[in-house]
> 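Let me give you the structure first, and then I'll get to my questions.
In the text below, chain A, chain B and the rest are named by the order of the sequence lines, each starting its count at 1. As a basis for the values below, the full set of heavy atoms in this structure was taken, side chains included, without hydrogen atoms, waters or symmetry mates.
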There are 2 protein chains.
Amino acid sequence: MAHVYNRVALIGLGLIASSMFWAMKRGGLAGEVTGYARSAETRETAREIGLCDVVYDDITQAVEGADLIVLCVPVGVMGQVMEQIAGSLAQGATVTDVGSVKRAVIDQVTPHLPEGVHFVAGHPLAGTEHSGPKAGFAELFDNRWSLLVPSEGTDPKATAKLRALWEGMGANVEEMDADHHDLVLAVTSHAPHLIAYTMVGVADDLRRVTDSEVIKYSAAGFRDFTRIAASDPTMWRDVFLSNKDATLEILGRFTEELFALQRAIRQGDGDHLFEYFTRTRAIRRGIIEAGQDTDAPNFGRGAGSKT
Amino acid sequence: MAHVYNRVALIGLGLIASSMFWAMKRGGLAGEVTGYARSAETRETAREIGLCDVVYDDITQAVEGADLIVLCVPVGVMGQVMEQIAGSLAQGATVTDVGSVKRAVIDQVTPHLPEGVHFVAGHPLAGTEHSGPKAGFAELFDNRWSLLVPSEGTDPKATAKLRALWEGMGANVEEMDADHHDLVLAVTSHAPHLIAYTMVGVADDLRRVTDSEVIKYSAAGFRDFTRIAASDPTMWRDVFLSNKDATLEILGRFTEELFALQRAIRQGDGDHLFEYFTRTRAIRRGIIEAGQDTDAPNFGRGAGSKT
């Protein structure tokens with residue numbers, strides 16, 4: 001495939017940036033890929049594993065001459081990073097990001113955007129519970145969705161080019177409005193993560209059941225929660241703080257439903273429970289038919305071996 | 001391996017009974033395995049797929065002459081089934097069950113137990129989101145835990161023999177008191193299932209986000225919840241109704257923690273969130289080290305293909 005971009009700069013070298021690098025190499029999508037990370041240790045690791053063609057110690061050098069700059073940093077520092085690089089961006093370049101919240105990122109980044117540079121916010125709905133430069137792999141985006149949120153007045157050509165990059169990395173692309181994005185993600189991602197963190201925290205905190213019991217007997221359901229509750233704490237702190245309203249709205253709805261089910265249990269209302277539990281099966285079926293999960297029992301995981 | 005039992009009767013032919021059958025055959029653990037299911041359709045399916053050496057249309061015939069009878073029916077009907085078979089049990093036989101709640105089952109079953117018949121309650125902590133006779137497979141119990149809850153006065157030899165059967169089927173066995181079992185399972189299984197059902201119900205019910213959006217974008221976290229929320233509704237209705245107190249206790253603790261995290265989000269208390277999210281990672285690590293889950297990203301599931 002012909003290169004989509006001549007020079008791509010990845011700012012922040014964690015799971016997503018690293019997967020983008022390997023996916024771009026797999027597809028021959030970029031002439032050169034430069035990288036920068038704030039931590040010297042991360043830059044060192046990146047150099048060791050061949051992540052990026054060049055890793056710079058100076059963020060402005062990393063973005064110089066790039067026609068695409070991808071901000072892969074926590075949502076809370078997107079504005080600061082944009083401010084740092086603003087003076088070094090080439091005319092006609094496109095800046096994008098991979099943050100899980102879009103309204104807050106657009107509000108932070110836009111004020112620092114120089115004339116003649118495009119900003120197309122983005123969000124690949126892909127990830128794993130592992131973090132850091134070594135966690136990335138080329139297949140992460142295959143058949144996953146990547147959402148683009150072009151601001152008003154964005155050049156459609158800039159958006160189309162970014163779409164081509166994501167499609168080349170294996171993703172399906174959809175465009176969406178920032179506020180709707182933040183609500184959809186509150187439902188499909190942010191509320192589930194907070195709930196999983198909460199349940200794991202409760203289990204860890206009980207006095208009458210030991211952690212070792214929780215761990216031993218986790219296969220009865222609990223372990224499904226622990227995967228997403230092992231995700232990067234900095235990233236998730238920033239997500240909740242910057243998508244406050246939508247997350248709290250969904251959690252409010254969740255609490256309401258949970259109370260109704262608790263009451264049904266207390267009152268012995270089996271019909272209410274049965275009907276509720278029957279309805280939720282259809283959603284699972286839809287997810288499998290849409291190719292967004294495996295139908296293999298227990299996600300297809302084999303029995304682990306004891307270490 | 002020499003047979004552990006000469007004749008095993010499986011009452012109720014769903015996922016667990018079916019997996020037990022295949023696991024007993026794999027290990028040569030039983031001379032003969034008989035089966036019974038209340039629904040004629042299930043009995044027909046069992047005969048077609050070779051599940052059980054003989055499938056009987058009459059429950060009393062299925063248990064006659066058996067030295068082990070395994071009740072694999074929903075928790076809510078254990079007592080009724082025990083009442084039906086009580087007059088046909090051989091002297092010296094052992095009755096066990098595989099229900100997810102133990103106090104309520106023991107209370108239901110014990111009054112119908114004839115003199116000279118042992119009851120050792122049991123609970124294999126293994127399962128998948130699929131139900132029915134076709135869902136079973138021999139490896140289901142490999143390296144999973146199976147809990148035995150012998151009542152006071154149970155012959156230790158009866159318990160030891162049942163332990164040998166479970167170990168032969170690949171499980172690790174632990175003995176536990178009924179009330180502690182019900183509390184441990186409320187944490188590791190019952191509360192997580194109710195929470196997953198609730199979250200999936202909320203997502204299905206929102207007016208401003210369509211089901212098709214929830215399904216498309218589920219890879220961002222939500223899909224992990226949908227697996228256990230696709231479990232058998234009858235089984236789960238009965239679990240919540242018969243482990244009411246422990247489940248409501250854990251849900252109360254859960255709600256308390258969730259409210260504290262919601263307040264932290266509302267007040268912008270990032271440190272509280274960060275500390276909470278950091279603590280939960282250790283539990284995940286413990287589960288992987290104990291061989292109760294895979295460390296492969298996203299449970300090792302590959303990208304699905306669209307249908």
> Name the region of Ala296(A), side chain, backbone, both or neither, that has any atom closer than 4.5 Å to a heavy atom of chain B.
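Answer is backbone: N, CA, C or O of Ala296(A) sit under 4.5 Å from chain B.
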> Would you check if the distance from the ring center of Phe141(A) to the ring center of Trp166(A) is below 6.0 Å?
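Yes, they do, as the ring centres are separated by less than 6.0 Å.
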> Can you tell me which portion of Asp224(B) sits under 4.5 Å from chain A's heavy atoms? Options are side chain, backbone, both or neither.
both
> Using heavy-atom distances under 4.5 Å, tell me whether His123(A) contacts chain B through its side chain, its backbone, both, or neither.
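No part of it gets close to chain B.
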> Is any side-chain heavy atom of Arg279(A) closer than 4.5 Å to a side-chain heavy atom of Tyr276(A)?
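Contact flag for Arg279(A)/Tyr276(A) side chains = yes.
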> Looking at Glu275(B), Glu257(B), Arg208(B), His272(B), which one has more heavy-atom pairs under 4.5 Å with chain A than the rest?
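Heavy-atom pair counts peak at Arg208(B).
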> Under a 4.5 Å cutoff for heavy-atom pairs, which residue among Asp204(B), Ile228(B), Leu185(B) has the most contacts with chain A?
Asp204(B)
> Against chain A, label Met235(B) side chain, backbone, both or neither, depending on which of its atoms sit under 4.5 Å from a heavy atom there.
neither
> Among Thr280(B), Val202(B), Leu273(B), which has the most heavy-atom pairs under 4.5 Å with chain A?
Thr280(B)
> Whether the side chain of Lys102(B) engages the backbone of Val149(B) through a donor-acceptor N/O pair (distance < 3.5 Å, no angle test) should be reported.
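Absent.
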> Strictly by modelled atom types, are Asn298(B) and Arg227(A) linked by a side-chain donor-acceptor pair under 3.5 Å?
yes
> How are the rings of His193(A) and Tyr197(A) set to each other: parallel, tilted or perpendicular (split at 30° and 60°)?
tilted
> Heavy-atom distances under 4.5 Å only: say whether Glu256(B) touches chain A with side chain, backbone, both or neither.
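Glu256(B) has no heavy atom closer than 4.5 Å to chain A.
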> Under the 3.5 angstrom rule, does the side chain of Thr226(B) hit a backbone N or O of Arg284(A) as a donor-acceptor pair?
no
> Centre-to-centre under 6.0 Å for Phe240(A) and Phe274(B), is that the case here?
no
> At a heavy-atom separation under 4.5 Å, does Asp232(B) approach chain A through its side chain, its backbone, both, or neither?
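Contact with chain A is through both the backbone and side chain of Asp232(B).
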> Between Ser231(A) and chain B, with a heavy-atom cut-off of 4.5 Å, which part of the residue counts as in contact: side chain, backbone, both or neither?
backbone
> So does Ser218(B) get a backbone contact from the side chain of Glu213(B), meaning a donor-acceptor N/O pair under 3.5 Å?
no
> With only heavy atoms counted, which part of Asp295(B) is less than 4.5 Å from chain A, the side chain, the backbone, both or neither?
both
> Tell me, for Phe225(A) versus chain B, whether the close heavy atoms (under 4.5 Å) come from the side chain, the backbone, both or neither.
side chain
> Assess whether a salt bridge exists between Arg253(B) and Glu249(B), defined as any Lys/Arg side-chain N lying under 4.0 Å from an Asp/Glu carboxylate O.
no
> Taking atom types as modelled, is there a side-chain donor on Tyr217(A) or Gln292(B) under 3.5 Å from an acceptor on the other?
no
> Look at Arg237(A) together with Asp271(B) and state whether they make a salt bridge at an N to O cut-off of under 4.0 Å.
no
> Less than 4.5 Å to any heavy atom of chain A: does that hold for the side chain of Thr255(B), its backbone, both, or neither?
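Just its side chain gets close to chain A.
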> So for Ala126(B), is it side chain, backbone, both, or neither that comes closer than 4.5 Å to the heavy atoms of chain A?
neither
> Which answer fits Thr234(A), side chain, backbone, both or neither, if we ask what part of it has an atom under 4.5 Å from a heavy atom of chain B?
both
> If we define contacts as heavy-atom pairs under 4.5 Å, which of Val187(B), Val214(B), Ile215(B), Leu206(B) has the most with chain A?
Ile215(B)
> Quick one: what part of Glu174(A) sits under 4.5 Å from any heavy atom of chain B, side chain, backbone, both or neither?
side chain
